[in-house]
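So the structure is just underneath, and the comments pick up after that.
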Amino acid sequence: MFFSKLFAPTLRESPADAEVISHQLMIRAGMIRKVAAGIYNLLPLGTLVMQNVERIVREELTRAGAQEVVMPVVIPSELWRESGRWEEYGKELLRVKDRHGRDFCLGPTHEEVVTDMVRRDVKSYKGLPLNLYQIQTKFRDEIRPRFGLMRGREFVMKDAYSFHANEESAKEEYDKMFEAYSNIFRRCGLKFRAVEADSGNIGGSFSHEFMVLADTGEDEVVSCNSCDYAANTERAELKDHVSGQADHIKAQAETPEPKEVSTPGKKTIEEVSGLLGVPASKFIKTLVYDTDNGPVVALVRGLRNINEAKLRRAAGVARAELATDAVVEEITGAPRGFAGPVGLGDVRIIADFDIRAITEGVTGANKVDTHLLNVLPGRDFTAEYADLRTVEGLDKCPRCDKGRFEIHRGIEVGHIFMLGTKYSEAMDCTFIDEDGKSKPMIMGCYGIGIGRTAAAAIEQNHDDNGIKWPVPLAPYHVAVVLVDIKNDDLMEIATSLYYGLMDRGIPALLDERNERPGVRFKDIDLIGIPVRVTISKKTAAEESVEIKARGGEMDLFKYDKTMEEIYRLLGMVLPEQESKVTISSTPE
RNA sequence: CGGGGUGUGGCGCAGCUUGGUAGCGCACCUGCUUUGGGAGCAGGGGGCCGGAGGUUCGAAUCCUCUCACCCCGACCA
């Protein structure tokens, strides 16, 4: 590509609404432009990068034996009604009507469509396993799209779905996808971690998220500093480490009877802790939740946060939200801020394991302006115990019992998931097994956000000057900058190098714009091209070109060493028979 | 949806409190000079101030309504 022809409107300043660096740089580098909230145009540079991610995804999935298909964007409501998700999915599902008034939706994901496709034509175990994928535009009417391509409403996703005759086969495919995903993100030049994620209602621990580590990530992940356990903080487990230690039993025995203490107007743990001079870790935080199975009281240690997903699981409910003040008052007999587990009536109490470790605890007295001292779990109230608290750094690893958690922020670029028979049963996707019996297929699904992967790569690879693309994602691998554009001899050297690169399959950009060199260097850095070759009168006088890796130092190379050096910087090896090839020497 | 905020040339902003001819930087166009890290000078073009209604002799500015966008919360590739 000749830069003078390239549609890449670069900006010096970033638009005020771009928050994160990848969003800012994509706009400044002329890769994307916003059309509406969460909806973008991809300009040529953005398109090239997306194609690079897609190419890597295709290569790795093909190698893993998956087959590419294309499913529709507009999906009839009937399929979604069959799975029950037409009602369940909520407002994220953009529904439209056709001219006859029939209901359709824009596909946010394709379990229904692919299940329908497979059930029509696969009848026997002989047709299994099967892994079908597509790379396609999805639409999810997100409440709050943000961060450019990181969380758009319309976005390109690679979604794969596998079908199996039995669990073993499904697990095998899952492992294969795990491997393929690792290869994909490694090839994209990303530092990432596969972490355990919510397994949903089926499939044990068979769900992993692939997280690109970046401070701006929307997710938080923990990893053990001793073993290989890693999980999304939302899902990370903690074990019951506290029961039965000798000194603890002694402290329990020595805890005096509960005593009321007046705490007028002091509602928060911080306030009461300050007033009484008792550390917050002695507090039993008491939260009243409204669930679809009535109210539930949850207890966690002061300073710790409850994990509502864990609460939902422990309580066996689908919905749990903090109760309103009115409900709190009804359950505890006191206004918000003075709730405690002691003397509560007939209400379900679920406590975090850690609560059991408390002796001489402090909690609300279920009475206005009053708290209780010397509360001892087990003696003064009873509760069900479960893992309820959100993990934090330095918490003990539940797997190896030795290590401690480290916390990182991450961007979820991929998710692999065992679906089990949820869709195959709902939609009657069955096959005849070897034993002649009809069974529902076991399914897995596997997603990668293409644009999000590109954005994540920028989050991890940038500096003050702009993007620093990992070579496999770069829109062009090499920029050839001709400084003195009016000099025909130099132009010939530059174009000959440019075409030489193209002939070798190296995507190149020839910058022959009538701009001052500084402007052009800035643009090329901003766009993030990995290797820059500069040709000018000065370099030509030495029969050399100047080569500089993005972010590196510049060096002069004689014409016959040029290609070798470019290959080296791109992490490639010049083919043996080419080592003698030179770009055209100075014309006479 | 709840809470907060912003809408003024393509981009970044000022002007609004206290109504009186719409401004600055970048970008763009022309010319000259310049040409190794976002040039200088001179000239030039482009905005019904998000939209509708109202108050007023007069509204970017005050009032009402609306729309869009952004930020903080619960979802997700």
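Residue numbers start from 1 in every chain, and the chains themselves are labelled A, B, ... in the order their sequence lines are given, proteins ahead of strands.
Ring centers of Tyr498(A) and Phe2(A): under 6.0 Å apart, within the cut-off.
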Between the protein and nucleotides 4-8 of chain B, which nitrogen or oxygen pairs are less than 3.5 angstrom apart?
none

Which atoms of nucleotides 40-43 of chain B (N or O only) lie under 3.5 Å from a protein N or O atom, and what are those distances?
none

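Lys310(A) and Arg389(A) get closest at one heavy-atom pair: NZ-O, 2.8 Å. Nearest heavy-atom pair across Ile566(A) and Val533(A) is CD1-CG2, 3.8 Å. Across every non-hydrogen atom of Thr562(A) and Phe557(A), the tightest pair is OG1-O, 4.1 Å.
Using a 4.0 Å heavy-atom distance criterion, Glu209(A) is classed as making no nucleic acid contact. Heavy atoms of Gly152(A) sit under 4.0 angstrom from at least one base atom. Note on Lys537(A): nothing from the nucleic acid sits closer than 4.0 angstrom, heavy atoms only. Met211(A) comes within contact range of no nucleotide atom at all, as no heavy-atom separation falls under 4.0 Å. Contact annotation for Asp484(A): no contact, since no heavy-atom pair falls under 4.0 Å across all strands.
Under the 4.5 Å side-chain criterion, counting only non-hydrogen atoms from C-beta, Glu209(A) is not in contact with Val221(A).
Comparing the P positions of C11(B) and C75(B) gives an interatomic distance of 34 Å, to the nearest angstrom. Taking atom C1' on both A60(B) and U18(B), the two are 15 Å apart, rounded to the nearest angstrom. Annotation: G7(B) and C62(B) have their P atoms spaced 11 Å apart (nearest Å). Comparing U33(B) with C69(B), their C1' atoms sit 44 Å apart, to the nearest whole Å. If you take atom C1' in G3(B) and the same atom in C63(B), they sit 24 Å apart, rounded to whole Å. Here, C71(B) and U35(B) have their C1' atoms 44 Å apart, quoted to the whole Å. Here, C26(B) and C16(B) have their P atoms 23 Å apart, quoted to the whole Å. For the C1' atoms, the distance from A68(B) to G15(B) is 23 Å, rounded to whole Å.
The cationic atom of Arg95(A) (NZ for Lys, CZ for Arg) does not lie both less than 6.0 Å from the six-membered ring centre of Trp80(A) and within 45° of the ring axis. At least one cation-pi condition fails for Arg520(A) and Phe3(A): the charged atom is not both under 6.0 angstrom from the six-membered ring centre and inside a 45 degree cone around its axis.
What separates CG of Asp219(A) from C1' of C76(B) is a distance of 9 Å, to the nearest Å. Separating the NZ atom of Lys158(A) from the P atom of A77(B) is a distance of 12 Å, rounded to the nearest angstrom. Spacing between atom CG of Asp464(A) and atom P of G37(B) amounts to 18 Å, rounded to whole angstrom units. Remark: C1' of C75(B) and CZ of Arg153(A) are 15 Å apart, rounded to the nearest angstrom. When the P atom of A77(B) is taken as reference, atom OH of Tyr181(A) falls 10 Å away, rounded to whole Å. As rounded to whole Å, 16 Å separates atom C1' of C26(B) from atom CZ of Arg516(A). The NE2 atom of His415(A) sits 9 Å away from the P atom of C76(B) (whole-angstrom rounding). Spacing between atom CZ of Phe139(A) and atom P of C76(B) amounts to 17 Å, rounded to whole angstrom units.
Residues of residues 517-524 of chain A that place a heavy atom closer than 4.0 Å to RNA chain B, in numerical order, are Pro517(A), Gly518(A), Val519(A), Phe521(A), Lys522(A), Asp523(A). For the segment residues 14-29 of chain A, residues with any heavy atom less than 4.0 angstrom from an atom of RNA chain B are, sorted by number, Ser14(A), Pro15(A), Ala16(A), Asp17(A), Glu19(A), Arg28(A). Residues from residues 33-43 of chain A with heavy atoms under 4.0 angstrom of RNA chain B, sorted by number: Lys34(A), Ala37(A).
Pairing partner, G43(B): C29(B), with both Watson-Crick or wobble hydrogen-bond distances short of 3.5 Å.
Residue Arg12(A) places at least one side-chain N or O closer than 4.0 Å to OP1 or OP2 of A27(B). Within the structure, every side-chain polar atom (N or O) of Arg146(A) is placed at least 4.0 Å from both OP1 and OP2 of C69(B).
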Phe155(A)/Phe139(A) under ring pair (Phe, Tyr, Trp, His ring centres under 6.0 Å): CA gap, chis, key distance, verdict: CA-CA 7 Å; Phe155(A) 60 98; Phe139(A) 195 93; 8.6 Å; no
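Applying the 3.5 Å distance criterion, the base of C76(B) shares a donor-acceptor pair with the side chain of Arg151(A). The base of G38(B) lies outside donor-acceptor range of the side chain of Glu515(A), with no N or O pair under 3.5 Å.
Among G36(B), G12(B), A77(B), the nucleotide with an atom closest to any side-chain atom of Glu13(A) is G12(B). Closest contact between the side chain of Lys486(A) and the listed nucleotides C75(B), G37(B), U35(B) involves U35(B). Distance from the side chain of Thr539(A) is smallest to G36(B) among U35(B), C75(B), G36(B).
Residues that satisfy the ring-ring contact (aromatic ring centres under 6.0 Å, His included) test with Phe178(A), not counting sequence neighbours, are His208(A), Phe210(A).
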